[in-house]
Amino acid sequence: MAGLLSTHRFWAVVCTAVVAAIATLLVPALAIPPPGMSVIVIATAVATGLPSGHAVRNALLVLAAGCGCVVIAVLETAVRTVLLRHTTVATTSPRLSFRDWWEFHIRRSPALFMSARVGGTVFVAGVLANAVASALGTSRSYWAMAAGAAAMGTGSHGAVVRLRVTHYLLGSCAGVIVAAAILSSDPAPYVIAVLLGLLMFGAEFVVIRSYALALVFITPLAILIAHTGRAGPLPALVADRLLESAIGCACALLAGLAITKRWAQRQLAASSTATLDAIKATLAATPTNVDRELHALRLRSTRLDLIRTRVSGERKAVRTAVASALQEAAQVSAQAACLLSAGRNMPHVAERPHRSLP
């Protein structure tokens with residue numbers, strides 16, 4: 001382990017894990033659209049494949065790649081928001097201050113725990129993959145980090161992770177067969193270029209409909225790029241892809257189990273209480289501030305629904321332990337939904353699109 005920690009890739013892996021945690025925290029809070037944090041982590045993980053050299057320089061380059069991806073995603077979201085405002089009817093609903101945004105989206109949400117879980121997955125996958133790469137003489141350990149991030153890309157709770165891991169492994173197995181069939185004919189460089197474009201188009205076309213089917217296009221795309229950039233035996237390349245994918249998926253599965261009953265109980269209780277307080281404040285509001293109270297209720301209710309969904313998707317022991325709390329949260333959520341529905345019919349209350357919580 002000491003030898004592994006002294007390698008030039010270790011700090012690059014650390015930086016990738018930090019970027020994964022930050023992206024997991026910011027993507028939902030800033031309403032960054034799909035594919036969200038997965039592409040950010042994948043782009044950062046690829047940078048860990050830099051040649052051996054100065055450890056600090058490589059780590060900074062990896063961190064710069066990740067930060068650059070985050071900045072691009074935030075700017076794209078900002079431009080989209082500005083364009084949306086110009087094409088929709090102006091509203092008078094209150095906007096959140098930075099303090100309120102931090103309170104709703106970060107401090108009193110499960111975002112910090114979820115981001116730590118994703119960051120830990122990427123870090124462990126990177127460390128294990130580098131250990132395997134050192135033992136086998138391979139150099140594509142970033143595939144494991146990409147697999148771990150992709151498996152947790154739409155949520156780090158157990159049910160989603162298990163489904164994504166199944167899709168990832170099935171799609172990867174089918175994809176390596178496609179890649180082997182393509183490369184076995186030794187296609188010309190211009191044919192590979194055309195195939196890369198077709199595979200990229202196919203992945204973008206089906207990724208929303210079926211993630212497993214998208215991996216059938218993404219896997220040969222990655223293998224073709226790797227094979228073109230660094231010639232080597234095809235069986236070794238295919239085996240490397242499957243092994244690194246299995247490492248990343250295994251780390252994601254373990255991270256999906258990393259939740260305590262106490263944490264789930266505390267999150268449900270705190271969010272239910274906050275939503276009940278918002279309901280009381282809305283019912284007691286005057287016509288001059290009812291729109292603000294409704295907006296605060298909408299945010300708290302959305303967060304409660306999110307926590308309910310995530311806890312309902314955790315491992316069975318957690319779900320059983322918090323079953324009564326889940327029922328109480330469902331009742332509170334129903335009350336909030338009724339009040340919000342009634343509020344939408346008030347002529348003095350202006351509705352506006354709101355961001356989803358992490």
Side-chain angles (χ1 to χ4, degrees), residues 13 16-17 20 24 34-39 41-43 45-46 48-49 117-133 135-136 138-183 199-200 202-227 234-258 313-316:
V13 171
T16 303
T24 305
M37 73 93 176
S38 299
V39 171
V41 176
I42 291 172
V46 170
T48 63
R117 192 150 70 166
V118 174
T121 299
V122 172
F123 173 75
V124 174
V127 170
L128 292 179
N130 272 290
V132 172
L136 300 181
T138 59
S139 59
R140 299 180 184 88
S141 56
Y142 55 84
W143 276 343
M145 291 184 283
M152 308 188 84
T154 56
S156 60
H157 47 302
V160 172
V161 172
R162 289 193 295 271
L163 181 62
R164 295 274 289 191
V165 164
T166 302
H167 288 177
Y168 197 96
L169 292 178
L170 290 177
S172 295
C173 291
V176 297
I177 295 175
V178 175
I182 293 174
L183 292 176
L199 290 171
M200 190 174 298
E204 292 288 343
F205 185 75
V206 303
V207 67
I208 301 299
R209 297 168 178 81
S210 173
Y211 185 66
L213 185 58
L215 262 297
V216 178
F217 295 93
I218 295 172
T219 299
L221 178 66
I223 292 177
L224 282 175
I225 293 174
H227 182 77
L234 179 60
L237 186 62
V238 169
D240 190 21
R241 172 72 181 191
L242 292 177
L243 177 61
E244 301 294 347
S245 298
I247 291 174
C249 289
C251 292
L253 282 175
L254 291 176
L257 301 176
E314 298 293 353
R315 52 192 172 90
K316 185 177 180 181

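Residues take their numbers from the sequence shown, with the count starting at 1. Since we're looking at a predicted model, the values are computed, not measured.
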ask   = Less than 4.5 Å apart, any side-chain heavy atom of Ile223 and any of Leu183?
value =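 Side-chain contact under 4.5 Å: yes.
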ask   = With a 4.5 Å limit on heavy-atom distance, are the side chains of Glu244 and Ile247 in contact?
value =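 Answer yes - side chains close enough.
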Euclidean distance, [Y] [atom2] relative to [X] [atom1], rounded to 0.5 Å:
X: Met200; Y: Ile225; atom1: CE; atom2: CD1; result: 6.0 Å
X: Thr166; Y: Arg162; atom1: OG1; atom2: CZ; result: 9.0 Å
X: Phe205; Y: Leu213; atom1: CZ; atom2: CG; result: 10.0 Å
X: Ser210; Y: His167; atom1: OG; atom2: NE2; result: 6.0 Å
X: Arg117; Y: Leu257; atom1: CZ; atom2: CG; result: 8.5 Å
X: Leu215; Y: Leu221; atom1: CG; atom2: CG; result: 11.0 Å

Where is the tightest heavy-atom contact between [X] and [Y], given as atom of each residue plus distance?
X: Ile218; Y: Ala203; answer: CG1-CB, 3.7 Å
X: Gly119; Y: Ala20; answer: CA-CB, 4.4 Å
X: Ala147; Y: Cys249; answer: CB-N, 4.4 Å
X: Phe217; Y: Leu199; answer: CB-O, 3.5 Å
X: Ser172; Y: Ser245; answer: OG-OG, 4.2 Å
X: Ala252; Y: Gly148; answer: CB-O, 4.1 Å

inquiry  = Is there a side chain to side chain contact (heavy atoms under 4.5 Å, CB included) between Val216 and Val206? Walk through the geometry before answering.
reply    = CA-CA 10 Å; Val216 178; Val206 303; over 6 Å; no
ask   = Should Arg241 and Thr219 be marked as a side chain to side chain contact (heavy atoms under 4.5 Å, CB included) after you check the CA-CA gap, both sets of side-chain angles, and the distance that decides it?
value = CA-CA 8 Å; Arg241 172 72 181 191; Thr219 299; 3.7 Å; yes
ask   = Sub-3.5 Å donor-acceptor pair from the side chain of Asn130 to the main-chain atoms of Gly126, do we have one?
value =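 Yes, the answer is positive, given that a donor and an acceptor are paired below the 3.5 Å cut-off.
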